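Structure record follows, encoded as structure tokens.
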2 protein chains.
Amino acid sequence: MDGHTDTRMTESAGAGRDAESVSKFVESFAAQLVEAGMQRMAARVFAALLASDKGVLTSAELSEQLQISPAAVSGAVRYLAQTHMVSREREPGSRRERYRVHGDQWYEALTNREAVLKRWEAALRDGVNSLGPDTPAGRRLAETLAFFEFVEVEVASMMERWRVHRERTFGQG
Amino acid sequence: MDGHTDTRMTESAGAGRDAESVSKFVESFAAQLVEAGMQRMAARVFAALLASDKGVLTSAELSEQLQISPAAVSGAVRYLAQTHMVSREREPGSRRERYRVHGDQWYEALTNREAVLKRWEAALRDGVNSLGPDTPAGRRLAETLAFFEFVEVEVASMMERWRVHRERTFGQG
DNA sequence: CGCTTCTTTCAGAAATTTGTGAAGTTAAGG
DNA sequence: CCTTAACTTCACAAATTTCTGAAAGAAGCG
């Protein structure tokens, strides 16, 4: 109950860190992400990377730590890479791939929601046109569209402010 | 191909509007929402409301327009109401319920993401504590936490700006 | 007070998603 | 060039989710 006990232990996954604490965090944070709509394996992989010592793990390490097949790791990582939540690296001169989160990850991910927004906006624009901009429904769609456009711009500048704030607070990590 | 043709037609759903245009918009916008993670029926109901004349439809109208059972409407609406995407009204002196989107809906919905963020933050705080704030992983979690806290504040003020902007542009809808 | 109309709940059928083992592919190292 | 180590793809089994019809539950209205 008092946070940060020191049951450090049984090496296993990392450099002798408390495997149980790590696992507890991974599972509970992943559960929250799942509840918000992320696929389970992707959420677990992401959480495991967040909680890892260097922010980097190999496929084999993930597979062992989370008790899932290499295939599952592969699928999860594909999803995470597509959505820019992790990046994949290849240790030169090895066929081992390493997956990494960096501090900037959420920044990246949010920035990429832009693509989704754009598609929504396109659908809305079509709607405004085909229903007519001067019908009640058309006006409603137009207002929705305006909201998204507003958000898009605002999020961009918000992210800029985060970059500044972050550098001040954490150095460039 | 040229947007806004005037095949107005076959009454059917609304007040003699072009049912086909409406349906096209509904299905394509809903598809985008689904792709972004929303349940299909919820997405279709929401899109139908957006494209409706008054922003209000009864259960029966939704059921007929979307060709789904009343049960499906019920489930979709429950979800949408929970997430504050629609509000339910009861026409006084009738057991007919009416569901409404208003222009402010996205504002509402986004505001309510706050609850989700709070849970994420809680999970992260636990993680920082149990892994230790001075470990590399702990620092990474702390930075992630800081990002969410930053976003939470920023989104709040962004929404305030939207309210102002909206009123200027559209009047109070 | 019971009838009628609308909505919700429930159990189950159907469809979709998820995770696995096994085979396939790529690339390093001898 | 062959072997071997690693990741990916594929087909399938299992679990979960989704939607429906049917029954049950409210609430107006006679």
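Every chain is numbered from 1, with letters handed out A, B, ... down the list of sequences. Computed from a prediction, not measured in an experiment: that's the story for all the values here. Heavy-atom basis, side chains included; hydrogens, waters and symmetry copies ignored.
Annotation: of the two residues near DNA chain C, B:Arg98 and A:Gly93, the 5′-most nearest-nucleotide partner is B:Arg98.
A salt bridge links A:Glu149 to A:Arg125: one of the charged nitrogens lies within less than 4.0 Å of a carboxylate oxygen. A salt bridge links A:Glu160 with A:Arg163: the closest approach of a Lys/Arg side-chain nitrogen to an acidic carboxylate oxygen falls below 4.0 angstrom.
Contacts of A:Ser63 classified as side-chain contact (heavy atoms from CB on, under 4.5 Å), with partners at least two apart in sequence or in another chain: A:Pro70, A:Val73. Every side-chain contact (heavy atoms from CB on, under 4.5 Å) that A:Arg96 has, sequence neighbours left out, goes to A:Thr58, A:Glu91, A:Ser94. With sequence neighbours left out, the side chain to side chain donor-acceptor pair (under 3.5 Å) criterion links A:Glu154 to B:Arg161. Partners of B:Arg139 by side chain to side chain donor-acceptor pair (under 3.5 Å), not counting sequence neighbours: none found. Contacts of A:Ala142 classified as side-chain contact (heavy atoms from CB on, under 4.5 Å), with partners at least two apart in sequence or in another chain: A:Val128. Scored by the side chain to side chain donor-acceptor pair (under 3.5 Å) test, A:Arg90 finds A:Glu97 as partners (sequence neighbours excluded).
Between chain B and DNA chain D, the heavy-atom contact criterion of under 4.0 Å yields a 5' to 3' nucleotide range of D:dC19 to D:dC29.
For A:Ser69, counting side-chain heavy atoms from C-beta on, the closest listed nucleotide (C:dT20, C:dT5, C:dT7) is C:dT20.
Rounded to an integer number of Å, the gap from A:Leu66 CG to C:dT20 P is 10 Å. Atom pair B:Glu89:CD and C:dT7:P shows a separation of 13 Å (rounding to whole Å applied). Note: CZ (B:Arg95) to C1' (C:dT4) measures 7 Å, nearest angstrom.
Among residue pairs with one or both ends in residues 65-74 of chain B, none qualify as salt bridge (Lys or Arg N to Asp or Glu O under 4.0 Å); sequence neighbours excluded. Listed by first and then second residue, the salt bridge (Lys or Arg N to Asp or Glu O under 4.0 Å) pairs involving residues 26-38 of chain B are A:Arg119-B:Glu35, B:Glu27-B:Arg44 (not counting sequence neighbours).
Side-chain atoms of B:Arg140 come within 3.5 Å of backbone N or O of A:Asp53 as a donor-acceptor pair.
Remark: A:Arg40, A:Met41 in residues 28-45 of chain A come within less than 4.0 Å of DNA chain C through at least one heavy atom.
Annotation: side chain of A:Leu57 is in contact with side chain of A:Gln65 (closest heavy-atom distance under 4.5 Å).
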Output a table of nitrogen or oxygen pairs between the protein and nucleotides 8-12 of chain C separated by less than 3.5 Å.
unit_1, atom_1, unit_2, atom_2, d
C:dT8, OP1, B:Arg88, NH2, 2.6
C:dT8, OP1, B:Glu97, OE1, 3.4
C:dT8, OP2, B:Ser74, OG, 3.4

How far apart are the C-alpha atoms of B:Trp106 and B:Met85, what are their side-chain angles, what is the distance that settles it, and do they pass the side chain to side chain contact (heavy atoms under 4.5 Å, CB included) test? CA-CA 7 Å; B:Trp106 292 99; B:Met85 303 279 289; 3.9 Å; yes
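In the helix from C:dC1-D:dG30 to C:dG30-D:dC1, the rotation axis of the first five pairs and that of the last five pairs differ in direction by 20°, rounded to 10 degrees.
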